[in-house]
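Each remark here refers to the structure printed beneath this line.
We name chains A, B, ... by the order of the sequence lines, and we start the count at 1 in each one. Given the structure is predicted, the values throughout are model-derived calculations rather than measurements.
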2 protein chains.
Amino acid sequence: MTDKNIKDLVDRYIAVSFSVHKKAEQLIQDEIGSGLTNDQHYVLRYMNKVGTCTSSELADVFEVKKSAITAIITRLWEKGLIQRTRDVDDRRVVYLTLTEQGQSLFDKTEDRIHKLVGSFINQFDTSEINQFINTYEKLNNILIESCECRGNKE
Amino acid sequence: MTDKNIKDLVDRYIAVSFSVHKKAEQLIQDEIGSGLTNDQHYVLRYMNKVGTCTSSELADVFEVKKSAITAIITRLWEKGLIQRTRDVDDRRVVYLTLTEQGQSLFDKTEDRIHKLVGSFINQFDTSEINQFINTYEKLNNILIESCECRGNKE
DNA sequence: ATGAATAGTTAAACTGTTTAACTATTAAAC
DNA sequence: GTTTAATAGTTAAACAGTTTAACTATTCAT
């Protein structure tokens, strides 16, 4: 591949990924309403998936420091969306779970997001979607490997 | 497509796009060094592309309010990377350009980024890259249309 | 039993963001 | 022409998210 091709590809990729990222965040923001930020929504999403987790686990998953998680968790906790429960055996550990309110908020939002996504994927055929997400995941693996080589463990 | 398929697709897409976004930002951060944030780099990138621009233009391009641009521009200006020049005809307007220092910093960084990207795209064949970015751009257009329908002009 | 490691929090500092008020300037209406 | 609108940009206050560094409390290891 020539240098110019690489340059064009970089420009094109940065432009489209910026725009898609921005638009997607905006659409999600519309669905979750003004009471929650996107990042807070992603935390609820993860907790919905795994049921119970800890701050350290969230810091690993979202690739940020634990103190960043504390800030987000505290805000969700103040909104009454999550619960903090100390482990009785290892009293350093705090288990995080969705409250009923948090669960029902997430469920409602997720419904709307699924409807929205449904309306988008009608416009692609299945093979195009599969091809796209496969390449995306392949790119992800290459980036992960590259980050590990460079010692960017997190 | 079934509801479960949609759910799986949403989960898979969110996971991979989060991870790729994070890794890409990290790799770019490694290349641009600690003196600059990613957002600041993207502003330099745009200015390198167009030569001269205004704050209002940047606000349009990056889809943020003008005051957010002022903050970023001021930080780049304090680092001596960009120049502010008042228009002599319309004295409300301030033209923004890269200083020599800003240009040379961007050029050096861009070289390294191109080398890095070059090492990645070796691992895909051309048709896969084209297919991927075409679908990505198609998705972008769908999202743009959807945002416009909902009145999210910016 | 002491010292090291772990889980989580707190505080300070910073970037990026929005809203709202403001200045300065230009354009439009009359 | 003067007054009114709109435009370009900045400033200030407030907030979310982030990191670093110091700290508490607890558990593990030797």
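Classified by interplanar angle (parallel below 30°, tilted 30° to 60°, perpendicular above 60°), the ring pair Phe132(B)/Phe132(A) is parallel.
Counting only residues at least two apart or on different chains, the side chain to side chain donor-acceptor pair (under 3.5 Å) pairs with a member in residues 47-56 of chain A are Asn48(A)-Gln103(A).
Residues of residues 68-76 of chain A that place a heavy atom closer than 4.0 Å to DNA chain D, in numerical order, are Ala68(A), Ala71(A), Ile72(A), Arg75(A).
Between Arg84(B) and dG9(D) there is no side-chain N or O to OP1 or OP2 distance below 4.0 Å. Phosphate proximity of dT7(D) to Ser56(B): absent, as no side-chain N or O sits under 4.0 Å from OP1 or OP2.
Linking ILVMFWY residues whenever their side-chain heavy atoms come closer than 4.5 Å, directly or via other members, leaves Leu98(A) and Tyr95(A) in distinct clusters. Under the 4.5 Å side-chain contact rule for hydrophobic residues, Tyr13(B) and Phe18(A) share a cluster. Grouping the Ile, Leu, Val, Met, Phe, Trp and Tyr side chains by contacts below 4.5 angstrom, directly or via other members, places Ile121(B) with Tyr136(B).
Contact between Leu105(A) and Thr109(A) at its shortest, heavy atoms only, is O-OG1, 2.8 Å.
Atom NZ of Lys23(B) is separated from atom CD1 of Ile144(A) by 5.0 Å, given to the nearest 0.5 angstrom.
In this model, a side-chain donor or acceptor of Ser67(A) finds a partner on the base of dT20(D) within 3.5 Å.
The side chain of Val94(B) sits closest to dG9(D) out of dT19(D), dT17(C), dG9(D). Distances from the side chain of Ser55(A) to the nucleotides dG9(D), dG8(C), dT18(D) place dG8(C) closest. Comparing atom distances between the Asp39(A) side chain and each of dA12(D), dT18(D), dT25(C) picks out dT18(D) as nearest.
Here dG17(D) presents its P atom at 13 Å from NE2 of His41(A), a figure rounded to the nearest Å. If you measure from atom CD1 of Ile32(A) to atom P of dA16(D), you get 13 Å, rounded to the nearest angstrom. Put simply, NZ on Lys66(B) is 12 Å from C1' on dC22(C), counting in whole angstrom units. Distance CH2 (Trp77(B)) to C1' (dT11(D)): 15 Å, rounded to an integer number of Å.
Comparing Arg92(A) and Gln40(A) along DNA chain D, the residue whose closest nucleotide (by nearest heavy atom) sits nearer the 5' end is Gln40(A).
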